[in-house]
Structures are given as C-alpha cells and as structure tokens.
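Values reported hereafter were calculated over all heavy atoms of this structure, with side chains retained and with hydrogens, waters and symmetry mates removed.
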Amino acid sequence: MVNTFNRFTTREILGLFIPSLYFSYIIFEIFSTSFSFELNNSTNSFNYLILFIGSISIGSILYVVDLPKRFWFFTEELPTTLIMKKLIEDGKTIDKVNVEIFYYKFLDEVVAEKNKSITDKQTTLYHFSSNMFLCSILLLVIQVLKCRLAFDDVISIVNLVIMIISAIGTLGLLYGKGKIRSRFKRHYTEFIDSQYYIDLKDKN
C-alpha cells in the first residue's frame, strides 16, 4: 500500500503539480503587477500560499479531466483498444469491461515488473509533457487575448520554447523507438498469444 502511494505521489507531482505550478506562476506574472517572489521580502509568504493553493487546484482539474489519456492518438495505441479491434476481426462482440478485466489481470500476472516499470515511467513522462504543452497553449491564448504576447518578452519566449519542447517530448515518448507505442504493442501481442485472450473470446 505504501509503495503504491509513493508511486502515485511521484507520478502526480511530475505529471500534474509541476505543470500546474508553471501555469499558476505565469498567470500571476501576467495578471498581477504587485505579485512578487523575492525571498528577502517576508510579506511574500501570502503570495507563496496563493501560488501553492492555485497550483493544487489546477493540478486537481488536470487530474480529473486527464486530457493526455483522452487524446485520440493515445487511446488508439492502448492495448485494450487493439484487443477490441481484434475481437471485431474475430467476429466477437465487445464488452469493454471484460476486455479491461482480462487485460489487467494478464498485466498483473504475466508481464514482468521491469517491463511494467518502464512503461509506467514513460507514461508518466508522457503525461508531464502533454500537460506542459496544454498549459503552454492555454497561456499563449491568454497572452494573445491580453495583448501580452511579445517576442522580446522573457515570459513569452520561455513559454513558446516550453510549448515546442513539450510537443516534441509528447510525440517522441509516444512514437519513439522502444517507447510507449512499441511497449503497448508488445503487451497486446503477448496478450493475444496467451490463454487470457482465448478465455476472453469464450466470455464474449
């Protein structure tokens, strides 16, 4: 239970809290002329508190919405999606709940911990990159609407750089050699060749 909580914490800090902290900080920089984070100014404790609360709130929204997991180019690569397509090819009816039950049972009982760990790390980085990209895009839109986009402005330049890097990171983690797509495909292939898929077909 403790190990599960630790993994959850690490994943959420990287994938949610850091992007939301970045978003909150830039928002405060854009909208507030009095907001300051000088360490030698004791009156800034309240500013840090507001930044922390804002980051947690935005991180919670990112967690609930979970857009990176809903992107069509990601969902199309999921093993469960590939399994459902295979069931259709085999003339079977689709029960998404059964597909998930059999696949995750296979994942827990058959796939090596090392492979699951690598996949987990890559999907965590994917969520981080995707959320950073989404936050950067939204900040860009806000800057345009506020007429604050200027290519000689440090915030604008940094945001554009982060947007480009995070977009490259997202696509690289998904489609790169040995990355998420390859690992999902490997899990899918192993599942199709296992008794679990035979049992799933019989269930349907």
Side-chain angles (χ1 to χ4, degrees), residues 1-19 59-137 163-204:
M1 185 69 177
V2 174
N3 288 336
T4 300
F5 180 75
N6 287 339
R7 286 199 299 270
F8 177 87
T9 303
T10 302
R11 185 183 182 98
E12 275 27 75
I13 287 176
L14 183 60
L16 299 173
F17 183 69
I18 293 178
S60 298
I61 294 172
L62 291 176
Y63 180 75
V64 171
V65 177
D66 199 7
L67 283 177
K69 195 174 181 180
R70 300 173 188 271
F71 288 149
W72 66 268
F73 54 80
F74 181 80
T75 57
E76 285 297 305
E77 304 297 339
L78 288 172
T80 50
T81 302
L82 300 176
I83 292 167
M84 286 189 282
K85 289 181 179 179
K86 176 64 175 173
L87 284 171
I88 293 174
E89 291 176 5
D90 291 344
K92 299 292 182 178
T93 57
I94 296 178
D95 186 330
K96 187 176 180 180
V97 174
N98 275 337
V99 170
E100 291 179 347
I101 289 173
F102 277 87
Y103 173 72
Y104 288 117
K105 185 178 180 182
F106 160 82
L107 197 65
D108 289 338
E109 297 178 355
V110 177
V111 178
E113 283 299 323
K114 181 179 179 181
N115 290 333
K116 285 190 286 188
S117 177
I118 293 172
T119 303
D120 184 60
K121 289 175 182 176
Q122 291 180 352
T123 53
T124 297
L125 290 172
Y126 163 80
H127 273 76
F128 168 72
S129 296
S130 299
N131 280 327
M132 286 299 293
F133 176 74
L134 291 171
C135 288
S136 298
I137 286 288
M163 183 178 66
I164 293 170
I165 292 174
S166 57
I168 294 172
T170 298
L171 296 175
L173 285 162
L174 187 58
Y175 296 109
K177 184 178 180 180
K179 297 303 184 292
I180 296 173
R181 185 186 188 188
S182 299
R183 295 200 164 271
F184 280 174
K185 184 69 175 178
R186 177 180 175 180
H187 293 169
Y188 160 75
T189 302
E190 290 176 353
F191 178 84
I192 293 300
D193 293 335
S194 71
Q195 183 64 38
Y196 292 86
Y197 182 64
I198 296 174
D199 294 343
L200 176 61
K201 287 197 297 183
D202 293 339
K203 190 80 172 179
N204 288 302

Looking at every heavy atom in both [X] and [Y], which two are closest together, and how far apart are they?
X	Y	value
Leu62	Pro19	CD1-CB, 4.4 Å
Pro79	Tyr103	CG-OH, 3.3 Å
Ser129	Ser166	O-CB, 3.3 Å
Phe184	Leu78	CE1-CD2, 3.7 Å
Ile180	Gln122	N-OE1, 3.3 Å

So, using side-chain contact (heavy atoms from CB on, under 4.5 Å) as the criterion, who are the partners of [X] when residues are at least two apart?
X	value
Val97	Asp95, Ile101
Ser136	Tyr22, Asn159, Ile162, Met163
Tyr175	Phe73, Glu77, Leu171, Arg181
Leu134	Leu67, Pro68, Phe71, Asn131

With rounding to the nearest 0.5 Å, note down the distance linking [atom1] in [X] to [atom2] in [Y].
X	Y	atom1	atom2	value
Ile165	Thr170	CD1	OG1	11.5 Å
Cys135	Met132	SG	CE	7.0 Å
Asp199	Asn98	CG	CG	11.5 Å
Asp90	Leu200	CG	CG	10.0 Å
Ser194	Ile192	OG	CD1	7.5 Å
Asn115	Glu190	CG	CD	7.0 Å

task: List for me each residue that meets side chain to side chain donor-acceptor pair (under 3.5 Å) alongside Asp66, sequence neighbours excluded, and say none if there are none.
output: His127
field: Side-chain donor/acceptor of Thr123 to backbone N/O of Asp120, under 3.5 Å
entry: yes
- request: With the side chain counted from C-beta on, respond yes when His187 and Phe191 share a heavy-atom pair under 4.5 Å apart, and no when they do not.
  value: no
Side-chain donor-acceptor pairs of residues 80-89 under 3.5 Å, sequence neighbours excluded:
from	atom 1	to	atom 2	distance (Å)
Thr81	OG1	Thr75	O	2.6
Lys85	NZ	Glu76	OE1	2.8

query: Considering residues at least two apart in sequence or located in another chain, which fulfil the ring pair (Phe, Tyr, Trp, His ring centres under 6.0 Å) criterion with Phe133?
result: none
message: Under the rule for ring pair (Phe, Tyr, Trp, His ring centres under 6.0 Å), what residues qualify as partners of Tyr196, not counting sequence neighbours?
response: Phe106
field: Qualifying salt bridge (charged side-chain N to carboxylate O under 4.0 Å, His left out) pairs with a residue from residues 106-117, counting only residues at least two apart or across chains
entry: Glu113-Lys116
